[in-house]
2 protein chains.
Amino acid sequence: MESRPGKSQSISGKLEIDAQGQMPVTIEMVAKAAGVSPSTVSRILNGTAGVADVKRQAVNSAIDRLGFIPNPVARGLAGGRTLSIGVVTQSLDSPFYGAALRGIEIEFQKVGYTPLFISGQWNQLEEARCLDLLRARRVDGIIILDGRVDDADVCSLARNLPVVITGRSLQAPNVASLHFSNFEGAEQATQYLIELGHRRIVFIAGDPAHQDALERQRGYRAALLARGVAIDEALVVPGNFSEESGLRAVEGLLSQGKKFSAIFAANDQMAFGAALALYRHALHIPDDVSLIGFDDLQPSVYAIPPLTTVHQPSHEMGTLAATAMLQLLHGERPVLSMLSPRLIVRESTAAPSR
Amino acid sequence: MESRPGKSQSISGKLEIDAQGQMPVTIEMVAKAAGVSPSTVSRILNGTAGVADVKRQAVNSAIDRLGFIPNPVARGLAGGRTLSIGVVTQSLDSPFYGAALRGIEIEFQKVGYTPLFISGQWNQLEEARCLDLLRARRVDGIIILDGRVDDADVCSLARNLPVVITGRSLQAPNVASLHFSNFEGAEQATQYLIELGHRRIVFIAGDPAHQDALERQRGYRAALLARGVAIDEALVVPGNFSEESGLRAVEGLLSQGKKFSAIFAANDQMAFGAALALYRHALHIPDDVSLIGFDDLQPSVYAIPPLTTVHQPSHEMGTLAATAMLQLLHGERPVLSMLSPRLIVRESTAAPSR
DNA sequence: GCGCATTCTGAAACCGCTTTCACATGACCC
DNA sequence: GGGTCATGTGAAAGCGGTTTCAGAATGCGC
C-alpha cells in the first residue's frame with residue numbers, strides 16, 4: 001500500500017491528504033517534482049504571471065499527483081492575505097443572526113474565503129475585543145452585523161481593512177453599509193392593523209440602545225399619524241427584545257385594565273411573550289387581540305397561531321454582506337440597495353371583533 | 001517620527017501597511033526596545049525557558065509600552081500551532097447548536113484559543129469538506145458536533161489532531177466523545193406520560209439517519225414495555241425533525257381517525273408542528289392531547305402552551321467539549337461523564353381528560 | 001584555582017509561501 | 001545584425017515568529 005510513494009493516492013489524494021504518513025506536501029516538493037522553481041509554482045497557483053504552457057501542465061499534474069494543498073498559514077504570512085474574513089455577530093445562538101451567518105458562509109465558501117465568526121453579545125466593549133482579536137488574526141476584512149461600535153471607530157478600522165456593516169448607513173471609504181428599512185417595515189405593519197380597523201394599537205418597544213428599535217417605533221408613530229389615529233402614550237410600552245419583556249409588557253397593560261385590540265411588538269420574540277401573556281388571560285389571538293411581530297423568525301411560522309410579522313431578509317442580508325465584502329476586496333465600490341421590508345400576513349391578525 | 005525617532009521604524013521602513021493608526025509592532029522591535037534578542041522575547045512570551053528577571057521586566061515593559069501583540073499567523077507557521085480549533089456543527093442557524101457554539105466560544109476565549117465554526121448541513125460529504133478545510137487551515141484540534149463521519153474516519157483524523165466528538169461514544173486514542181443519553185431522556189418522557197395516565201401515546205420519530213433519533217425511539221419503546229403498555233405500531237409515525245414533519249404526522253393520524261391522548265415528539269421542532277396541527281383541529285393542549293418534546297429549545301418556554309420537554313444541555317455540551325479539547329491538547333486524557341437528561345415539566349402535559 | 005555542570009542568551013536556521021530582482025531568451029524593428 | 005522590449009524564470013530575500021545550537025556566564029565540588 002505505502003510502497004509507491006507519490007503514486008498511491010493520486011486520485012483521491014485531495015480528499016484525504018494522508019491518513020498514515022501525514023507528511024504535508026509543500027510547494028517545494030511540487031516544484032521539484034515538476035522540475036521548476038517554487039516561484040513558478042507559486043505564480044501558477046496565484047496566476048500572478050504568465051507561465052509557459054509546458055511548465056504549467058507539469059506543475060498542475062504534479063500538484064494533483066502529490067495532492068498538494070497550499071498552506072493558508074504560510075500564505076497568510078508571506079502574502080499578507082489570510083483569505084479569512086472576520087464576522088462579528090451579536091449572538092451565535094440567535095435564530096435571527098444564524099440565518100445571516102449561514103448566508104455569509106455560503107457566499108464565502110464559493111470563492112475560497114473562510115469566515116471567522118465571533119460574537120459581541122450586544123456589548124460595545126466585548127465587540128471591541130472581538131475586533132481586536134480579528135485584527136490580530138490578520139483577517140482580510142471584517143463584517144459587522146448590527147454592531148455597537150461608533151461610526152468613528154468603524155472608519156478608523158476601515159483604514160486598514162475593508163469593512164461591511166449592517167444596521168446603519170455609513171458613508172466612508174473602504175466601508176460598505178447595508179441597511180434595512182425598519183421604519184418602513186414598522187409603518188407597514190401598523191398601517192395594516194389600522195386598515196383592519198384597529199385603533200387602539202399597543203406598541204411594545206425594543207431595546208432603546210438599538211437603532212432598529214427606535215426606527216421601528218418611529219414607523220409605528222408615523223403610520224398612526226398618517227392615518228389620523230391619535231397616539232395614546234399609555235399604549236407604547238417598553239421592552240428589550242426578549243420574550244420575557246413582551247410578556248411583562250402585556251401583563252402590565254392588562255393589570256392596569258388598559259383597553260386595546262391589537263399589539264405590534266418590535267420583534268417576534270417579544271410577540272411570543274405577548275402571546276403567552278394573552279393566553280394566560282384567556283384572550284384569543286386574533287379574535288380578542290391581533291398580534292404582529294417583526295423579523296419573521298423561523299418559529300413564527302409554527303407559532304400558535306402562526307404570527308403575522310415583518311419579514312427581515314436575514315439570510316439575504318448575509319449574502320449581500322459577503323458579496324459586498326468581496327467587491328471591496330477587489331477594489332470595487334459595492335452598490336447596495338437598501339433592502340425593503342415585506343409584511344407576512346399569517347393568522348395572528350384579524351379585524352377587531354366588536 | 002511619531003514620538004521616539006529611531007525606535008519605531010528604525011528597523012524596517014519598508015512596510016507601511018497602516019494608513020495612519022498603529023503600525024504592526026513585531027517581536028524584533030520589542031527585542032530592540034528591550035535591548036535583548038528576539039529569541040529571548042519569544043522565550044518570555046511562551047515561557048519556554050528561564051530568563052533573567054532584569055531582562056524579563058525590560059521585555060515586559062517594552063511589550064506593553066509598544067502594545068505588542070504576537071502575530072498568530074507567524075506563530076502558526078513557525079510553531080506549528082495556530083491556537084485555533086475547528087468546530088464542525090451541523091447548522092449555524094439552528095437554535096439547538098447555537099447554544100453549544102456559544103459554550104465553546106466562551107470556554108476557548110478564556111484561554112486564548114479561537115474557534116473556527118463551520119457547518120456540515122447534516123451531510124456527510126459536506127462534512128468531509130469541512131474537515132479538509134479545517135485541516136488545511138492547520139487548526140490545532142477539531143470538535144465535531146453530532147457528525148455524520150464514520151468512526152473510522154474520526155480515528156484516522158485523530159492520528160493527526162485531537163478530536164472531540166459529540167453524539168456518539170467512541171473509544172480511541174486522541175479522541176474524546178461526549179454523549180448524552182437520548183435513550184434515558186425518551187424513557188423519562190414516556191414514563192411521565194404513562195404515569196399521568198396516558199396509554200395511547202403517539203411517537204413522532206426523528207430522522208432515522210440520526211443516531212439520536214433511533215435512541216429516542218428505543219427509549220419510548222422501552223418505557224412502554226416496562227410499564228406493560230402495549231405498543232401500537234400505528235402510533236409510531238415517521239418524521240424528520242422539522243416542524244413541518246411534525247405537523248404532517250399529526251394531520252395524518254387525525255385524518256385516519258386514530259385515537260390518542262398524548263404525543264411525544266422526538267424533538268421540540270416537531271412538537272411545534274404537532275401543536276399547530278392540533279390547533280388547526282381545535283384540539284386543546286393539554287386538555288385534549290398532552291404534548292412532550294425533546295431538546296428544550298428556547299422557544300419552548302414561550303410556546304403556547306409552554307412545552308413540556310426533555311432538556312438537552314446544549315450549552316453545557318459545548319463547554320464540556322471545549323474543556324475536553326483543551327485537555328487533549330495538554331496531553332491529558334479527559335474524563336467525561338455522560339450527561340443526564342432532565343424532564344422539564346411545563347404546561348403542555350396533563351392527565352388525560354376522560 | 002581548575003574542571004565541569006547549569007543556566008542564560010543570541011545567532012541563525014527554519015516554517016511554507018509570496019514577491020522582488022536580475023538575468024536569460026527570443027521576438028521585433030530599423 | 002545590433003539594439004529595444006516584452007516575456008519567462010530562478011535565486012534569494014523576506015513575512016514574524018519558534019527552536020536549535022553553541023557559546024558565555026555563573027555556580028559548585030574538590
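These values consider heavy atoms only, across backbone and side chains, with no hydrogens, waters or symmetry-generated copies. Lettering of chains follows the sequences in order, A, B, ..., and the numbering in each one begins at 1.
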Margin query: Just to be sure I understand the rule, does T40(B) reach a base, reach only the sugar-phosphate, or reach nothing, if contact means heavy atoms closer than 4.0 Å?
Written below: sugar-phosphate
Checklist line | Rounded interatomic separation in angstrom, taking CG from L83(A) and P from dC15(D) | finding: 20 Å
Item checked: Worked verdict on T82(B) versus R137(B) for side chain to side chain donor-acceptor pair (under 3.5 Å) -> CA-CA 9 Å; T82(B) 55; R137(B) 287 259 163 201; over 6 Å; no
Notebook entry, point to check: Does T89(A) reach the side chain of I118(A), with side-chain heavy atoms less than 4.5 Å apart?
Noted result: no
Check: Looking for any heavy atom pair under 4.0 Å, which part of the strands does S39(B) touch: base, sugar-phosphate only, or nothing?
Finding: base
Item checked: A78(A) side-chain proximity, nearest of dG16(D), dT18(D), dC15(D) -> dC15(D)
Notebook entry, point to check: Quick one: does E127(A)'s side chain have a donor or acceptor within less than 3.5 Å of a partner on V149(A)'s backbone?
Noted result: yes
Margin query: Without decimals, in angstroms, what is the distance between N71(B) CG and dG16(D) P?
Written below: 7 Å
Next item on the list: Tell me which nucleotide among dG14(D), dT9(D), dG16(D) gets nearest to the side chain of K55(A).
Entry: dT9(D)
Check: So, does Q90(B) use its side chain to make a donor-acceptor pair with the main chain of D146(B) at under 3.5 Å?
Finding: yes
Next item on the list: Check the distance between dT19(D)'s P and R81(B)'s CZ and give it to me in whole angstrom.
Entry: 8 Å
Note to self: Both V51(B) and T48(A) contact DNA chain C. Taking the nearest nucleotide for each, which residue is further toward the 5' end?
What the structure shows: V51(B)
Notebook entry, point to check: Is the shortest heavy-atom distance from the side chain of S84(B) to the side chain of Y113(B) under 4.5 Å?
Noted result: no
Note to self: With a 6.0 Å cut-off (strictly less than), is the heavy-atom count around CD of E332(A), excluding the residue itself, greater than 12?
What the structure shows: yes
Check: Would a 4.5 Å heavy-atom cut-off, applied to side chains only, mark H315(B) and T319(B) as touching?
Finding: yes
Notebook entry, point to check: Just how far, in rounded Å, is P of dT9(D) from CG of L45(A)?
Noted result: 15 Å
Checklist line | Salt-bridge criterion met for R129(B) and D132(B) (N-O under 4.0 Å) | finding: no
Check: Starting at CG of N46(B) and ending at C1' of dT20(D), how long is that distance when rounded to a whole Å?
Finding: 15 Å
Check: What about R138(A), does its side chain sit under 3.5 Å from the base of dG16(D) through a donor-acceptor pair?
Finding: no
Notebook entry, point to check: How many Å lie between CZ on R75(B) and C1' on dC15(D), as a whole number?
Noted result: 16 Å
Item checked: Rounded interatomic separation in angstrom, taking CD1 from I44(B) and C1' from dT18(D) -> 14 Å
Next item on the list: Measure the shortest side-chain to side-chain distance between I85(A) and I142(A) over non-hydrogen atoms and say whether it is less than 4.5 angstrom.
Entry: no
Check: First and last nucleotide of DNA chain C in contact with chain B, 5' to 3', at under 4.0 Å to a heavy atom: what are they?
Finding: dC8(C) to dG16(C)
Check: Want to settle it: does V73(B) or R43(A) sit nearer the 5' end of DNA chain D, counting the closest nucleotide to each?
Finding: R43(A)
Next item on the list: Mind checking P70(A) for me? I need base, sugar-phosphate or nothing, with any heavy atom below 4.0 Å counting as a touch.
Entry: sugar-phosphate
Next item on the list: For the helix from dG1(C)-dC30(D) to dC30(C)-dG1(D), figure out the bend between the end axes, five pairs an end, and round to 10 degrees.
Entry: 40°
Notebook entry, point to check: Just wondering, are more than 12 heavy atoms of other shown residues or ligands nearer than 6.0 Å to CZ in R168(B)?
Noted result: yes
